[in-house]
Enquirer: 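I have a structure here, written as structure tokens, and I will follow up with some questions on it.
Just follow the structure's listing: the first ligand is 1, and inside any ligand the first atom is 1. Keep in mind that this is a model prediction, so the values were computed, not measured.
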Amino acid sequence: MVKSSVLGYPRIGADREWKKALEAYWAGKIDNEAFESQLQEIRLNHLRKQQAKGIDYIPVNDFSYYDHILDTATMFGLIPERFAYEGGKVPLSVYYGIARGTKDAAASEMTKWFNTNYHYIVPELSGLTPVLTENKPLVAYQEAKEKLGIEGKPVLVGPLTFVKLSKGYSASETGTWLNRLLPLYVRILQELQQEGVQWVQIDEPILVTQVSDEDLQHLRTIYDTLHASAPAINIMLQTYFEAVERYQDIVALPVQGIGLDFVHGRPGNQQSLQSFAFPQDKVLGAGIIDGRGIWRSSLQENLDLLNELSAIVSPDRLIIQSSCSLLHVPVTTDRETKLTSELKNALAFADEKLDELVLLTQALTSGIGAIATQLDTSARAILALHQSNERNRSDVQQAVEELRVQEPVRSVPFAKRHLAQQDKWQLPLLPTTTIGSFPQSAEVRKARQSWRKGEWNQERYTDFIHQHIDTWIGLQEEIGLDVLVHGEFERTDMVEFFGEKLAGFAFTQNGWVQSYGSRCVKPPVIFGDVAFDGNMTVEETVYAQSQTKKPVKGMLTGPITIMNWSFVRDDIPREHIAYQLAYALRQEVEALEQAGIGMIQVDEPAVREGLPLKVNEQEAYLAWAVKAFKITTCTVQETTQIHTHMCYCEFHDMIGSIEAMDADVISIETSRSHGELIHSFELNTYKLGIGLGVYDIHSPRVPSVKEMTDMIQRALRVLPAQLFWINPDCGLKTRGYDETVASLQNMVEATRLARDTYATLV
Ligand code: GLN
Ligand code: ZN
């Protein structure tokens, strides 16, 4: 009989009660006991919900106190020395110390979980010996069974994925590390077997990236050993986020089930299945409900796909499941009271996805008639949104059709633009600027809220914003910066701000997802054709410019960043959504230029995040991402200076694409890549204006003149001074007033010194 399964359920709770509990605990507002019991209640609630809906294989050990990779590392006692761990069950103080840092030890680094917006804590293996501190999957299994009578499916991070995502060892030691960990996995499985566990899910998402011959050899050893040691346990070897690499080798491993993603890896996985069939003795975990998207799925299309799969795998060996953990989607649409019914009906968050899984399972077991009504509801909801005015803006669609086939280029090449711009702006050597935002004090946030709630009228709010602009224009002049900004005081978030002003966007009340630790984000929803709907930034920018003779840079968020940080519709390619955004933003760029703003920055910090997992798809993505940026910026006059900004990632391997964006000036974060970025300019030439951040803005520490001088000197060894700009690493909105002013003063001082040195050399 066909069964349903979930790969993981969101931790945060419908009311973000998980986040609130964590933060209350950290703040010392609740003690250990209260905390543990609150988390248990949340965890059991999630299990109850899945049980009530009728999910057959309910995941356990998918819950976490912070992050599942950190859980795995601490389960294996892999705790860097600086946290002074003394053995035994890992105390919460150590666990959270690794995640958040302590007064004596810096936190472990965090990084993005594949191509999602979830961040995990990177395990540091250097110098450590693994030991099993606690069998977490077993504890989770027992809890579900005792408290709720649930026969849970323990979820574990697979050894290969765990080791590959860790740091602190060299590639040649991969095998050694796997050998060290394998006995611990064996023990976990043996104890689970003893307890009577039927299925475990071992997550090996790394198998969708690249699998070398050596990796394959490791996999064989691992799964041979696991199977031989706990033969009564069924292992579901789970992959997700893309099609699995080396399909034939993977499905030949001695496991009982193979989980594949038929949403994000559909073409590849389907192709493999058709070409190479599927082993007769294994179960296929068919991930057909999108664990990352927020849309209701077409039950009919799912049934068609299931039909195709049933021709290859007999129904009694088919499990219908989410494409990945539901960690990446919000909890429920139940609480959304402000969306149009057209939009709300077309959404499916985690709980609604559970319903879909159960319905599809019913259809396969009892026949399609059993879900006739729901099939109809699903089809109508999707059709209604499809036919809505918001998805059928012929003006936008026509414009995008034209833009798609054109090559956006500025009228004059950089070398000539540069001269014209120098002539117009008369900037000194090594011009100084900032990235856009200045400190958002509690006062600023409160004012914005008062205005949003209607307690403040527009006039009062505008006055307030203008006062802040005045203050900071004054400060920037005093400090001696060359290119000024208005400070972004009117913005909550760089994506939300634009989303609220563009057509085609909606905002949920409760559509939160975990980003890292207790931090949750509520991404905007791009549900319709995106369109310009009036000026967005002109008023504040023009006001700021009216207060100074120095140039003020306009400040926009770029199309790719807006797209990558939103939930987007899935009925048209992402590339087209990017062009719609680009076309809308271009109208804002033109409006700024018309209003006399001659420098415009289009931020693209998230370009790299959208990079496909499959290497052979990366080039195409980068090409259309670059094109979207150029559509946004290419129509301005030659003297109008286009800036861009990038951060959060390491960019050293995509300098070519960055150069192809053809921005007159880029400011780029340097601190994260620790010199790698600078090094990459020794290998590549970069011919446009560039500012490598001269100080890290993530800490309140005021960097000294000397530190920044060193940074400037290092950069000028590989980049020409005539094209070099001086700026911080990123926006300053999270910083305090005093440290910001002091840091910028030092930055300007370091620039003065550098000008003296380099003026003679150029
Ligand atoms: N202009 C934005 C700011 O300064 C850029 C933010 C970012 O790069 N994330 O806040
Ligand atoms: Zn930044």
Side-chain angles (χ1 to χ4, degrees), residues 112 117 119 432-441 444-445 448 465 468-469 472-473 475-476 481 483-499 515-516 519 521 523-524 536-537 540-541 544 552-566 585 588-589 592 597 599-610 625 629 632-633 641-651 658 661 663 665-673 677 690-699 725-737 739-740 743-744 747:
K112 281 163 72 70
N117 270 329
H119 301 73
T432 52
T433 189
T434 62
I435 308 303
S437 59
F438 283 125
Q440 289 238 341
S441 57
V444 171
R445 288 196 297 270
R448 197 184 309 116
I465 296 291
H468 270 74
I469 295 176
W472 279 91
I473 290 287
L475 279 166
Q476 292 173 85
L481 291 158
V483 172
L484 313 193
V485 296
H486 78 282
E488 302 181 27
F489 301 106
E490 73 289 4
R491 304 182 190 179
T492 35
D493 170 274
M494 64 189 290
V495 172
E496 183 182 60
F497 177 81
F498 290 93
S515 169
Y516 64 90
R519 180 162 163 85
V521 293
M536 299 182 277
T537 63
E540 290 86 0
T541 320
V552 171
K553 260 194 299 192
M555 199 56 63
L556 308 179
T557 305
I560 303 296
T561 297
I562 293 183
M563 182 178 70
N564 284 344
W565 286 350
S566 300
L585 291 166
E588 181 70 7
V589 167
L592 281 168
I597 302 301
M599 293 190 183
I600 301 167
Q601 178 170 313
V602 178
D603 291 327
E604 281 291 24
V607 176
R608 204 202 146 100
E609 296 183 14
F629 182 86
T632 310
T633 53
Q641 192 168 67
I642 296 292
H643 291 233
T644 188
H645 166 68
M646 290 187 190
C647 57
Y648 298 126
C649 286
E650 297 180 6
F651 295 100
I658 293 176
M661 288 164 67
V665 183
I666 183 172
S667 56
I668 189 162
E669 175 184 312
T670 327
S671 55
R672 272 186 205 221
S673 69
L677 184 67
I690 183 164
L692 304 182
V694 294
Y695 78 91
D696 181 8
I697 56 88
H698 295 98
S699 127
W725 285 63
I726 312 272
N727 48 260
D729 252 353
C730 191
L732 296 158
K733 76 170 169 221
T734 57
R735 294 273 62 90
Y737 176 98
E739 73 220 31
T740 299
S743 301
L744 292 175
M747 184 181 94

Enquirer: Is ligand 1 under 4.0 Å from a heavy atom in the side chain of Met555, in the backbone, in both, or in neither?
Expert: side chain
Enquirer: Nearest 10° is fine: what angle sits at the Zn ion (ligand 2) between NE2 from His645 and SG from Cys730?
Expert: 130°
Enquirer: With the side chain counted from C-beta on, respond yes when Ser437 and Arg491 share a heavy-atom pair under 4.5 Å apart, and no when they do not.
Expert: no
Enquirer: Can Gln641 and His643 be counted as having a side-chain donor-acceptor contact under 3.5 angstrom?
Expert: yes
Enquirer: Say whether Ser437, considering both its backbone and side-chain N or O atoms, lies within less than 3.5 Å of an N or O atom on ligand 1.
Expert: yes
Enquirer: Just wondering, do Thr537 and Leu592 contact through their side chains at under 4.5 Å, heavy atoms?
Expert: yes
Enquirer: Identify the heavy atoms of Thr561 and Asp603 that sit nearest to each other, and give their distance.
Expert: OG1-O, 3.8 Å
Enquirer: Relative to the ring of Trp472, is the ring of Phe438 parallel (under 30°), tilted (30 to 60°) or perpendicular (over 60°)?
Expert: parallel
Enquirer: Using only heavy-atom distances, determine whether the side chains of Thr644 and Glu604 contain a donor-acceptor pair under 3.5 Å.
Expert: no
Enquirer: In ligand 1, which numbered atoms sit nearer than 4.0 Å to a non-hydrogen atom of Gly731?
Expert: 3 (C), 4 (O), 10 (O)
Enquirer: So which protein heavy atom does atom 9 (N) of ligand 1 come closest to, and at what separation?
Expert: Tyr648 OH, 3.2 Å
Enquirer: What protein heavy atom sits nearest atom 6 (C) of ligand 1, and how far away is it?
Expert: Met494 SD, 3.5 Å
Enquirer: Which ligand 1 atoms, with their elements, are less than 4.0 angstrom from a heavy-atom of Gly436?
Expert: 4 (O)
Enquirer: Show, in sequence, the C-alpha distance, side-chain angles and deciding distance for Thr541 and Ile600, and conclude whether the side chain to side chain contact (heavy atoms under 4.5 Å, CB included) test is met.
Expert: CA-CA 10 Å; Thr541 320; Ile600 301 167; over 6 Å; no
Enquirer: Counting only nitrogen or oxygen atoms and a 3.5 angstrom limit, does Ile435 reach ligand 1?
Expert: yes
Enquirer: Can an N or O of Asp603 be found at a distance shorter than 3.5 Å from an N or O of ligand 1?
Expert: yes
Enquirer: Does His645, backbone or side chain, put an N or O under 3.5 Å from an N or O of ligand 1?
Expert: yes
